[in-house]
Amino acid sequence: MNDLFDIGGKSLQSRLFIGTGKFADDTLIPQVCEASGSQVITTALRRVDMDAATDNIMQHIPEQMTLLPNTSGARNADEAIRIARLARAMGCGDWIKIEVISDSKYLLPDGYETAKATEVLSKEGFVVLPYMNPDLYVARSLVDAGAAAIMPLGAPIGTNRGLRTEEMVRILIEEIDLPIIVDAGIGKPSEACQAMEMGADAVLVNTAIATADDPIAMGHAFGNAVAAGRQAFLAGPGATRTLATASSPLTGFLGGGQS
(Lines give C-alpha, C1' and ligand atoms only; values in the text may rest on other atoms or scores of the structure.)
Protein backbone atom coordinates (compact mmCIF):
# COMPACT_ATOMS: atom_id res chain seq x y z
CA MET A 1 0.00 0.00 0.00
CA ASN A 2 1.39 3.39 -1.03
CA ASP A 3 0.46 5.47 1.99
CA LEU A 4 3.29 7.87 2.62
CA PHE A 5 3.05 10.57 5.25
CA ASP A 6 4.09 13.84 3.61
CA ILE A 7 5.16 16.57 5.99
CA GLY A 8 7.71 19.34 5.88
CA GLY A 9 8.95 18.33 2.45
CA LYS A 10 9.57 14.73 3.51
CA SER A 11 7.71 11.55 2.66
CA LEU A 12 7.69 9.14 5.57
CA GLN A 13 6.74 5.47 5.55
CA SER A 14 6.40 5.29 9.33
CA ARG A 15 3.82 7.31 11.23
CA LEU A 16 5.46 6.68 14.59
CA PHE A 17 7.62 9.45 15.98
CA ILE A 18 9.76 8.59 19.00
CA GLY A 19 11.52 10.52 21.74
CA THR A 20 14.93 10.20 23.36
CA GLY A 21 14.21 11.01 27.01
CA LYS A 22 14.06 8.60 29.96
CA PHE A 23 16.05 5.74 28.46
CA ALA A 24 18.06 4.02 31.17
CA ASP A 25 20.84 3.72 28.62
CA ASP A 26 20.98 5.95 25.52
CA THR A 27 22.83 3.21 23.65
CA LEU A 28 19.39 1.55 23.31
CA ILE A 29 18.18 4.34 21.02
CA PRO A 30 19.55 2.96 17.71
CA GLN A 31 18.00 -0.45 18.42
CA VAL A 32 14.66 1.14 19.29
CA CYS A 33 14.77 3.14 16.07
CA GLU A 34 15.35 -0.01 14.05
CA ALA A 35 12.77 -2.12 15.91
CA SER A 36 10.05 0.52 15.73
CA GLY A 37 10.64 1.48 12.11
CA SER A 38 10.34 5.13 13.12
CA GLN A 39 11.94 7.75 10.91
CA VAL A 40 11.53 10.84 13.10
CA ILE A 41 13.07 11.36 16.52
CA THR A 42 12.78 14.28 18.89
CA THR A 43 15.24 15.43 21.50
CA ALA A 44 15.47 18.41 23.79
CA LEU A 45 18.09 20.83 22.56
CA ARG A 46 19.35 21.23 26.12
CA ARG A 47 20.54 17.61 25.88
CA VAL A 48 22.59 18.31 22.77
CA ASP A 49 26.28 19.10 23.16
CA MET A 50 27.98 18.97 19.80
CA ASP A 51 31.39 19.45 21.39
CA ALA A 52 31.15 16.62 23.88
CA ALA A 53 33.35 13.68 22.96
CA THR A 54 31.23 11.35 25.09
CA ASP A 55 27.80 11.42 26.71
CA ASN A 56 26.33 13.24 23.72
CA ILE A 57 22.79 12.25 22.78
CA MET A 58 23.54 12.97 19.11
CA GLN A 59 25.99 10.09 19.06
CA HIS A 60 23.12 7.68 19.52
CA ILE A 61 20.72 9.03 16.87
CA PRO A 62 21.07 7.09 13.58
CA GLU A 63 21.90 9.19 10.53
CA GLN A 64 18.80 8.13 8.63
CA MET A 65 16.48 9.59 11.28
CA THR A 66 14.89 12.98 10.74
CA LEU A 67 15.80 15.06 13.76
CA LEU A 68 13.01 17.01 15.41
CA PRO A 69 14.65 19.13 18.13
CA ASN A 70 12.22 20.48 20.69
CA THR A 71 12.15 23.57 22.86
CA SER A 72 11.66 21.74 26.14
CA GLY A 73 12.47 24.13 28.97
CA ALA A 74 11.06 27.21 27.23
CA ARG A 75 8.62 29.12 29.45
CA ASN A 76 7.48 31.67 26.89
CA ALA A 77 7.58 32.41 23.17
CA ASP A 78 10.83 34.35 23.28
CA GLU A 79 12.68 31.46 24.91
CA ALA A 80 11.24 28.97 22.42
CA ILE A 81 12.29 31.16 19.49
CA ARG A 82 15.79 31.51 20.91
CA ILE A 83 16.13 27.73 21.33
CA ALA A 84 14.87 27.08 17.79
CA ARG A 85 17.34 29.51 16.27
CA LEU A 86 20.13 27.96 18.33
CA ALA A 87 19.15 24.49 17.08
CA ARG A 88 19.35 25.65 13.48
CA ALA A 89 22.71 27.33 14.08
CA MET A 90 24.02 24.08 15.60
CA GLY A 91 23.14 22.19 12.44
CA CYS A 92 20.03 20.44 13.73
CA GLY A 93 17.98 21.39 10.67
CA ASP A 94 14.78 23.32 10.16
CA TRP A 95 12.31 21.08 11.92
CA ILE A 96 11.32 22.27 15.37
CA LYS A 97 8.79 21.04 17.91
CA ILE A 98 7.55 23.96 19.94
CA GLU A 99 7.05 23.28 23.63
CA VAL A 100 6.20 26.27 25.79
CA ILE A 101 5.43 25.21 29.33
CA SER A 102 5.40 27.35 32.46
CA ASP A 103 3.17 25.04 34.51
CA SER A 104 5.48 22.76 36.49
CA LYS A 105 2.81 20.49 38.00
CA TYR A 106 0.91 19.21 34.97
CA LEU A 107 3.35 20.40 32.27
CA LEU A 108 0.49 21.69 30.14
CA PRO A 109 1.44 23.80 27.10
CA ASP A 110 0.69 27.52 26.89
CA GLY A 111 -1.38 27.91 23.72
CA TYR A 112 -0.99 31.68 23.42
CA GLU A 113 2.81 31.68 23.72
CA THR A 114 3.02 28.62 21.47
CA ALA A 115 1.12 30.42 18.71
CA LYS A 116 3.39 33.48 19.04
CA ALA A 117 6.50 31.35 18.65
CA THR A 118 4.98 29.40 15.76
CA GLU A 119 4.21 32.56 13.80
CA VAL A 120 7.73 33.94 14.14
CA LEU A 121 9.51 30.69 13.36
CA SER A 122 7.33 29.66 10.43
CA LYS A 123 8.10 33.03 8.79
CA GLU A 124 11.79 32.22 9.24
CA GLY A 125 11.38 29.01 7.27
CA PHE A 126 11.16 26.49 10.10
CA VAL A 127 8.92 23.45 9.80
CA VAL A 128 7.03 24.09 13.03
CA LEU A 129 5.27 21.32 14.90
CA PRO A 130 3.67 22.80 18.03
CA TYR A 131 2.73 20.75 21.09
CA MET A 132 -0.68 21.87 22.34
CA ASN A 133 -3.77 21.22 24.38
CA PRO A 134 -6.45 19.77 22.08
CA ASP A 135 -8.37 23.03 21.89
CA LEU A 136 -10.05 23.95 18.60
CA TYR A 137 -9.45 27.68 18.94
CA VAL A 138 -5.77 27.22 19.73
CA ALA A 139 -5.50 24.82 16.81
CA ARG A 140 -7.00 27.40 14.45
CA SER A 141 -4.56 30.03 15.69
CA LEU A 142 -1.69 27.63 15.00
CA VAL A 143 -2.97 27.05 11.48
CA ASP A 144 -3.04 30.82 10.93
CA ALA A 145 0.45 31.08 12.41
CA GLY A 146 1.89 28.72 9.79
CA ALA A 147 2.28 25.43 11.66
CA ALA A 148 3.17 22.40 9.53
CA ALA A 149 1.19 20.11 11.84
CA ILE A 150 -0.30 20.23 15.29
CA MET A 151 0.53 17.92 18.18
CA PRO A 152 -2.33 17.64 20.66
CA LEU A 153 -1.69 15.81 23.92
CA GLY A 154 -3.44 12.55 24.75
CA ALA A 155 -2.74 13.01 28.47
CA PRO A 156 -0.16 15.00 30.44
CA ILE A 157 3.46 14.33 29.53
CA GLY A 158 4.96 11.16 30.91
CA THR A 159 1.79 9.82 32.52
CA ASN A 160 1.18 6.81 30.26
CA ARG A 161 -2.55 7.37 30.91
CA GLY A 162 -3.64 6.94 27.32
CA LEU A 163 -5.92 8.92 25.07
CA ARG A 164 -7.85 10.83 27.74
CA THR A 165 -8.58 13.67 25.32
CA GLU A 166 -10.18 11.42 22.72
CA GLU A 167 -13.23 13.55 21.97
CA MET A 168 -11.24 16.77 21.73
CA VAL A 169 -8.68 15.15 19.42
CA ARG A 170 -11.54 13.80 17.30
CA ILE A 171 -12.84 17.35 16.83
CA LEU A 172 -9.40 18.51 15.69
CA ILE A 173 -9.19 15.65 13.20
CA GLU A 174 -12.55 16.70 11.77
CA GLU A 175 -11.98 20.44 11.73
CA ILE A 176 -8.28 21.15 11.19
CA ASP A 177 -6.76 20.83 7.73
CA LEU A 178 -3.27 19.99 8.98
CA PRO A 179 -1.66 16.71 10.00
CA ILE A 180 -2.62 15.73 13.54
CA ILE A 181 0.17 14.06 15.53
CA VAL A 182 -1.00 12.84 18.93
CA ASP A 183 1.75 13.55 21.43
CA ALA A 184 2.15 12.79 25.15
CA GLY A 185 0.32 10.38 27.40
CA ILE A 186 0.12 7.40 25.08
CA GLY A 187 1.08 4.47 27.32
CA LYS A 188 0.27 1.33 25.37
CA PRO A 189 0.42 0.24 21.73
CA SER A 190 -3.36 -0.29 21.79
CA GLU A 191 -3.79 3.41 22.60
CA ALA A 192 -1.57 4.43 19.71
CA CYS A 193 -3.62 2.15 17.48
CA GLN A 194 -6.80 3.80 18.80
CA ALA A 195 -5.52 7.26 17.87
CA MET A 196 -4.64 6.08 14.38
CA GLU A 197 -7.99 4.35 13.91
CA MET A 198 -9.64 7.69 14.72
CA GLY A 199 -7.79 9.32 11.85
CA ALA A 200 -4.74 10.85 13.50
CA ASP A 201 -1.90 11.18 11.00
CA ALA A 202 0.86 10.08 13.37
CA VAL A 203 1.71 9.46 17.03
CA LEU A 204 4.72 10.50 19.09
CA VAL A 205 5.76 8.13 21.90
CA ASN A 206 8.60 8.44 24.35
CA THR A 207 7.94 7.43 27.96
CA ALA A 208 5.96 4.30 27.13
CA ILE A 209 8.86 2.91 25.11
CA ALA A 210 11.77 4.23 27.16
CA THR A 211 10.43 3.00 30.52
CA ALA A 212 9.24 -0.42 29.34
CA ASP A 213 11.02 -3.47 30.72
CA ASP A 214 12.17 -4.15 27.16
CA PRO A 215 12.26 -0.85 25.22
CA ILE A 216 13.32 -2.55 21.99
CA ALA A 217 10.39 -4.99 22.04
CA MET A 218 8.03 -2.18 23.02
CA GLY A 219 9.28 -0.05 20.14
CA HIS A 220 8.53 -2.93 17.80
CA ALA A 221 5.04 -3.27 19.30
CA PHE A 222 4.31 0.44 18.85
CA GLY A 223 5.49 0.34 15.26
CA ASN A 224 3.09 -2.50 14.51
CA ALA A 225 0.24 -0.85 16.40
CA VAL A 226 0.56 2.45 14.56
CA ALA A 227 0.64 0.66 11.21
CA ALA A 228 -2.39 -1.46 12.17
CA GLY A 229 -4.37 1.57 13.30
CA ARG A 230 -3.60 3.40 10.09
CA GLN A 231 -4.65 0.42 7.98
CA ALA A 232 -7.90 0.15 9.95
CA PHE A 233 -8.65 3.83 9.39
CA LEU A 234 -8.04 3.51 5.66
CA ALA A 235 -10.18 0.38 5.55
CA GLY A 236 -13.11 2.28 7.03
CA PRO A 237 -14.41 0.66 10.23
CA GLY A 238 -18.01 -0.51 10.18
CA ALA A 239 -20.75 1.46 11.91
CA THR A 240 -21.47 0.92 15.60
CA ARG A 241 -25.04 0.11 16.69
CA THR A 242 -26.96 -0.06 19.93
CA LEU A 243 -29.00 -3.16 19.05
CA ALA A 244 -27.63 -6.55 18.05
CA THR A 245 -27.67 -7.57 14.39
CA ALA A 246 -27.05 -11.12 13.23
CA SER A 247 -23.83 -11.77 11.35
CA SER A 248 -25.55 -14.47 9.25
CA PRO A 249 -29.05 -14.53 7.66
CA LEU A 250 -31.69 -15.78 10.10
CA THR A 251 -33.98 -17.20 7.42
CA GLY A 252 -33.67 -20.23 5.13
CA PHE A 253 -32.25 -22.67 7.67
CA LEU A 254 -34.43 -25.51 8.96
CA GLY A 255 -37.38 -23.57 7.57
CA GLY A 256 -37.48 -20.78 10.06
CA GLY A 257 -36.09 -17.67 11.49
CA GLN A 258 -34.73 -16.82 14.89
CA SER A 259 -36.32 -18.85 17.69
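Just so it is clear, the values below take in all heavy atoms, side chains as well, and ignore hydrogens, waters and symmetry mates.
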Which value, rounded to the nearest 0.5 Å, describes the distance between Ser14 atom OG and Leu4 atom CG? 11.5 Å
State plainly whether the residues Arg82 and Glu79 are in salt-bridge range, i.e. N to O under 4.0 Å.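 Salt bridge absent between Arg82 and Glu79.
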How far apart are the closest heavy atoms of [X] and [Y], and which atoms are they?
X: Leu172; Y: Ile180; result: O-CD1, 4.0 Å
X: Met196; Y: Phe233; result: O-CB, 3.4 Å
X: Ala77; Y: Lys116; result: CB-CB, 3.7 Å
X: Cys33; Y: Pro62; result: SG-CD, 3.8 Å
X: Thr20; Y: Asp26; result: O-OD1, 4.1 Å
X: Ala202; Y: Phe5; result: CB-CE2, 3.7 Å

Got a sec, which residues hit salt bridge (Lys or Arg N to Asp or Glu O under 4.0 Å) with Glu174, two or more places apart in sequence or on another chain?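 Glu174 satisfies salt bridge (Lys or Arg N to Asp or Glu O under 4.0 Å) with no residue once adjacent residues are dropped.
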How far apart are the C-alpha atoms of Thr207 and Lys22, what are their side-chain angles, what is the distance that settles it, and do they pass the side chain to side chain donor-acceptor pair (under 3.5 Å) test? CA-CA 7 Å; Thr207 301; Lys22 298 187 179 178; 3.2 Å; yes
Give the intermediate values and the outcome of side chain to side chain donor-acceptor pair (under 3.5 Å) for residues Asn70 and Thr42. CA-CA 6 Å; Asn70 66 62; Thr42 186; 3.0 Å; yes
Distance-only polar pair, side chains of Ser102 and Asp110, donor-acceptor under 3.5 Å: no
